[in-house]
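So the structure is just underneath, and the comments pick up after that.
Residues take their numbers from the sequence shown, with the count starting at 1.
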Amino acid sequence: MSVVGADVVVRLGFREGLAARRREVRVPVSELRRVDVESSWWRVLRGEPGHGLWAPGRCVGIRHALGGEDFVAVRAGSVVLCMDLGPGAPFSRVAVSVAEPERTERALRAAMPEEPAPASGAPQQPLLQHEGGTADDHGRPPLDEARVRRANADRIRWDHVIHRNEGQG
């Protein structure tokens with residue numbers, strides 16, 4: 001992965017290129033919205049698998065997510081560089097296993113625009129616990145006692161029902 005002119009270029013190996021049906025992925029630097037390093041490779045996989053290779057331990061290709069298409073080229077046990085992109089980019093996310101993710105992240109952050117344009121009405125995902133947020137691995141916020149009471153208010157409670165066979169010897 002490298003920054004070439006105004007583009008971030010991801011060059012794939014021969015086998016990865018065959019699986020993904022492309023040798024490289026180009027993304028305009030101006031469309032970068034967020035760059036993160038993810039230690040759990042499976043967390044970057046969103047949506048349904050499309051064209052590509054989806055074998056245990058290796059995922060290469062396009063995934064169809066709610067916000068658009070994601071391009072992934074990840075290996076099990078590796079650290080993944082994840083780039084969230086704006087609406088003008090060919091993908092909504094590009095996630096790639098790279099040899100030196102922290103160094104690549106610093107290079108991409110240096111090339112990012114200072115003030116990224118706001119996302120077009122796309123809801124922001126809550127931060128996970130390892131990212132400093134309070135959401136769990138599924139993106140759910142922590143339990144709120146008032147919300148739990150409201151959700152349980154209309155539930156039918158069966159503890160007051162007397163069963164016919166109960167207590168008869």
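The two residues L12 and G17 come nearest to each other via the heavy atoms CB-N, 3.9 Å. The minimum heavy-atom distance between C59 and W41, with the atom names listed, is SG-CZ3, 4.0 Å. Across every non-hydrogen atom of A89 and V27, the tightest pair is CB-CG1, 4.5 Å.
In terms of the side-chain contact (heavy atoms from CB on, under 4.5 Å) criterion, residue partners of V98 (sequence neighbours excluded) are, by chain and number, M1, L81, V96, P101, T104.
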Exercise for the section: List the steps, then state whether side-chain contact (heavy atoms from CB on, under 4.5 Å) holds for E31 with R33. Expected result: CA-CA 6 Å; E31 292 298 325; R33 296 296 176 258; 3.6 Å; yes
Exercise for the section: Might you work through the salt bridge (charged side-chain N to carboxylate O under 4.0 Å, His left out) test for E105 and R103, ending with a clear yes or no? Expected result: CA-CA 5 Å; E105 178 188 23; R103 187 177 65 81; over 6 Å; no
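A chain of hydrophobic side-chain contacts below 4.5 Å, direct or via other Ile, Leu, Val, Met, Phe, Trp or Tyr residues, connects V37 to L108. At a threshold of 4.5 Å between side-chain heavy atoms, the hydrophobic network of Ile, Leu, Val, Met, Phe, Trp and Tyr places V60 and F91 in two separate groups. Two different hydrophobic clusters hold I62 and L53 under the rule that ILVMFWY side chains link at heavy-atom gaps under 4.5 Å. There is a path of hydrophobic side-chain contacts, each under 4.5 Å, that joins V10 to L32.
With contacts defined as side-chain heavy-atom distances shorter than 4.5 Å, the pair R11/V4 qualifies.
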Residues 67-78 side chain polar contacts: donor-acceptor under 3.5 Å, at least two apart:
residue : atom : partner : partner atom : Å
E69     : OE2  : H64     : ND1          : 3.3
D70     : OD1  : R46     : NH2          : 2.8
D70     : OD1  : S92     : OG           : 2.8
D70     : OD2  : R46     : NE           : 2.7
D70     : OD2  : R46     : NH2          : 3.2
S78     : OG   : R75     : O            : 2.6
S78     : OG   : S97     : OG           : 2.7

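Sorted by first and then second residue, the salt bridge (charged side-chain N to carboxylate O under 4.0 Å, His left out) pairs with a member in residues 47-64 read E16-R58; sequence neighbours excluded.
For the atom pair CG of D36 and CZ of R43, the computed distance is 12.0 Å after rounding to the nearest 0.5 Å.
Of the possible donor and acceptor atoms, one in the side chain of R23 sits under 3.5 Å from a partner among the backbone N and O of G13.
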